[in-house]
Protein chains: 2
Amino acid sequence: MRRPTMRDVATLAGVGIKTVSRVINGEPNVSEAMSERVLRAAAALDYQPDVHAGSLKRGDRRTSTIGLLVSSVANPFDSQVHRAIEVVAAERGVAVFAASLAEDPENERTMVHASIRRRVDGLIITPTRPDQGYLAVELDRGLPVVFVDREPTGLMADAVVSDNVAGAAMATRHLLQRGHRRIAFLGDLDRVQTARLRRQGFLEEVGRAGVPTVDLQIITDLHDEESAALAATRVMSSVPPPTAIFSSQNLVTIGVVRALRELGLSRTVAVVGFDDIALGGLLDPPITVVAQDTQGIGTLAAQRLFARLDGDTSPGQTYVVPTTLIQRGSGEIPAPPR
Amino acid sequence: MRRPTMRDVATLAGVGIKTVSRVINGEPNVSEAMSERVLRAAAALDYQPDVHAGSLKRGDRRTSTIGLLVSSVANPFDSQVHRAIEVVAAERGVAVFAASLAEDPENERTMVHASIRRRVDGLIITPTRPDQGYLAVELDRGLPVVFVDREPTGLMADAVVSDNVAGAAMATRHLLQRGHRRIAFLGDLDRVQTARLRRQGFLEEVGRAGVPTVDLQIITDLHDEESAALAATRVMSSVPPPTAIFSSQNLVTIGVVRALRELGLSRTVAVVGFDDIALGGLLDPPITVVAQDTQGIGTLAAQRLFARLDGDTSPGQTYVVPTTLIQRGSGEIPAPPR
DNA sequence: TTGAAAGCGCTAACAT
DNA sequence: ATGTTAGCGCTTTCAA
């Protein structure tokens with residue numbers, strides 16, 4: 001009925017508790033016969049050691065648990081990153097404690113503290129607050145923190161991010177090369193770092209191409225599919241309308257596709273989206289995107305965290321993971337002759 | 001540098017450790033002045049209590065942590081269920097420790113034990129092994145377990161599942177009503193319970209309609225998009241070919257859609273899929289599906305777990321969550337005149 | 001090779 | 001209202 005303790009195992013095996021500890025932890029200097037006797041008793045009782053009770057007295061205080069705080073575990077980008085992290089963690093017998101911050105700055109501190117109260121060995125975070133300076137004291141105390149998707153502010157630490165500026169520039173260049181000049185940029189919440197960087201990449205590229213500002217339409221702060229669809233409809237009714245749209249985020253792209261479909265313009269107006277879309281290849285036309293390497297990002301973030309846990313004390317740095325342009329059709333629609 | 005303990009807070013505040021404990025835990029019988037002094041000291045040291053050290057001596061041994069073991073955290077169904085569970089858990093200050101079993105039976109036991117070693121208060125599991133009897137001892141020891149997506153075998157416990165049989169029957173009836181008789185069933189791994197139930201629902205419904213067996217093609221054990229596409233291509237080349245396809249799972253549906261598209265049959269052959277598909281409404285034709293209520297399933301599973309933690313000792317039972325037919329176009333293609 | 005004692009950070013039980 | 005002691009399950013230290 002009661003969960004057995006190491007002492008119960010010791011009693012059943014008729015040995016001292018320290019011997020059980022040695023066997024359970026695979027420590028040396030235990031005779032073969034002893035080891036087998038203890039293991040038999042442990043199995044008979046269905047004994048499972050208490051990781052946290054053990055860590056209490058141990059020097060390193062490790063719990064073999066890390067925390068992952070992302071925008072939302074239900075979001076495809078985050079859940080793919082989560083999966084990649086989990087694979088690396090599982091190789092080391094480390095469990096992942098996941099939580100969604102829902103882009104609410106309050107939640108970031110709350111969940112960081114919830115993690116620390118559970119004594120995680122390290123933390124992987126998508127920063128949501130304007131400043132991460134409050135984490136400096138935790139870094140000092142030896143808690144490694146790696147950021148994903150966005151760089152932290154007010155703190156030197158490892159970060160693993162997509163090349164947002166270059167990716168957006170690549171998408172933009174792709175449209176320019178097909179003759180587009182009147183291009184609309186539809187972006188999500190401007191307080192999100194990635195949204196700003198993608199806008200920057202777009203602006204830099206059109207600037208290099210010498211496109212006059214009057215030909216551009218820059219819409220920001222689209223927060224969902226609905227607002228994006230409305231914005232796309234409005235943009236297309238301007239005179240003269242854009243011949244191409246660059247949408248800087250997943251949901252925005254979907255909203256744009258839906259709006260163009262309803263306007264009967266989906267075969268006429270070129271679209272490139274940032275962040276891949278499930279089944280993008282089966283849409284009509286298939287949608288061209290700048291895809292992020294979610295697996296690469298997750299794997300690298302986990303590797304950085306474990307490197308820190310293994311003693312790496314080099315200064316924190318940002319790792320930029322390249323994006324890929326996937327040409328499927330919507331982005332290859334040429335500009336109409338003038 | 002070192003992480004402060006409750007004793008450090010007590011020393012700084014110049015009080016006994018038990019007073020700090022009372023303040024931190026919001027226990028009564030502490031003067032206003034004392035409380036403020038302790039909180040000031042705790043804040044100055046950036047103190048965070050150790051949940052597990054506390055639970056060690058506490059009567060209930062609760063850690064305010066639950067484990068969630070699903071097929072894959074990157075899978076849309078699972079990650080939506082995860083998010084719903086997390087919302088209920090967060091209301092109670094409970095953290096969720098998530099892991100993917102990747103449909104590998106070995107992983108189920110491994111991760112259950114990994115969870116128990118971390119002393120989770122309860123477990124929500126998508127069963128992957130053929131039998132869950134090994135968990136009986138844990139139930140006895142007071143660890144509540146709730147199953148999601150599939151029912152357990154060899155164990156009486158709560159389970160929250162979609163109405164797979166009725167959902168599949170509904171999809172089948174929908175096709176029958178449009179005059180289809182030659183219908184193909186494409187299902188995933190037959191060792192997965194939901195795959196068998198959906199096949200059963202299909203067979204029961206065609207049976208009720210008196211469709212001769214010779215008109216049906218039943219393909220199972222499709223494990224991914226590629227094998228599903230191949231199977232669909234093969235099925236459509238039979239003579240006479242089916243006029244409708246019921247695909248029993250997400251990836252299978254995508255494979256079917258891709259194959260029909262390549263064969264130029266996507267506007268001719270009716271398709272209904274089990275489990276919704278992101279952007280299914282933007283495909284051409286838009287895809288008709290039997291959607292599962294992921295949020296309802298996750299919320300209910302979490303509610304059942306917490307009800308058990310709150311003392312509910314009623315016998316375990318299965319909760320069946322209804323599915324919804326979403327008519328978008330592909331399922332409404334009529335059978336050709338004979 | 002084995003085991004006894006002390007103590008990790010905290011709470012329960014019992015003082016005061 | 002506040003503090004003291006013992007002990008949760010385990011590992012460390014040290015002795016046998």
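Here is the naming used below: chain letters follow the sequence lines, and residue numbers restart at 1 for every chain.
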- Shortest non-hydrogen contact between B:T153 and B:P130, atoms and distance: CB-O, 3.4 Å
- Task: Heavy atoms only: give me the nearest A:V145-A:L305 pair and the separation to one decimal.
- Result: N-CD1, 4.3 Å
Please determine, for the side chain of [X], which listed nucleotide ([options]) has the closest atom?
| X | options | value |
| --- | --- | --- |
| B:N29 | D:dA1, C:dT2, C:dT11 | D:dA1 |
| B:L56 | C:dC8, C:dG9, C:dA12 | C:dG9 |
| A:R61 | C:dG9, C:dC10, D:dC10 | C:dG9 |
| B:I17 | D:dG9, C:dC10, C:dA12 | C:dC10 |
| B:K18 | D:dC10, D:dG3, D:dT13 | D:dG3 |
| B:M34 | C:dC8, D:dT2, C:dT2 | D:dT2 |
| A:T5 | D:dG9, D:dG3, C:dC10 | D:dG9 |
| B:S31 | C:dA12, D:dA1, C:dC10 | D:dA1 |

Let me know the distance between [atom1] of [X] and [atom2] of [N], rounded to the nearest Å.
| X | N | atom1 | atom2 | value |
| --- | --- | --- | --- | --- |
| A:K57 | C:dC10 | NZ | P | 15 Å |
| A:N25 | D:dC10 | CG | P | 10 Å |
| B:M6 | D:dG3 | CE | P | 13 Å |
| B:R58 | C:dA12 | CZ | C1' | 11 Å |
| B:E36 | D:dA1 | CD | C1' | 17 Å |
| B:R62 | C:dT11 | CZ | P | 16 Å |
| B:E27 | C:dA13 | CD | P | 11 Å |
| A:R3 | D:dG9 | CZ | P | 11 Å |

- Message: Check this one for me: any side-chain N or O of A:T19 less than 4.0 Å away from OP1 or OP2 of C:dG3?
- Response: yes
- Item | Phosphate OP1/OP2 of D:dT11 contacted by A:S21 side-chain N/O (<4.0 Å) | yes
- Base, sugar-phosphate, or nothing for B:R22, non-hydrogen atoms under 4.0 angstrom? base
- Task: May I ask you to say what A:D50 touches in the nucleic acid, namely base, sugar-phosphate or nothing, with a heavy-atom cut-off under 4.0 Å?
- Result: sugar-phosphate
- Item | B:R118 and A:T65 side chains, donor-acceptor separation under 3.5 Å | yes
- Message: On DNA chain D, compare the nucleotides closest to B:G16 and A:R2; which residue's is nearer the 5' end?
- Response: B:G16
- When you match B:S35 and A:R7 each to their closest nucleotide on DNA chain D, which lands nearer the 5' end? B:S35
- Message: Quick check: do A:T194 and A:D149 have side-chain heavy atoms less than 4.5 Å from each other?
- Response: yes
- Report yes if some heavy atom in the side chain of A:I85 is under 4.5 Å from a heavy atom in the side chain of A:I124; otherwise report no. yes
- Message: Tell me whether the rings of A:H113 and A:Y134 are parallel (<30°), tilted (30 to 60°) or perpendicular (>60°).
- Response: perpendicular
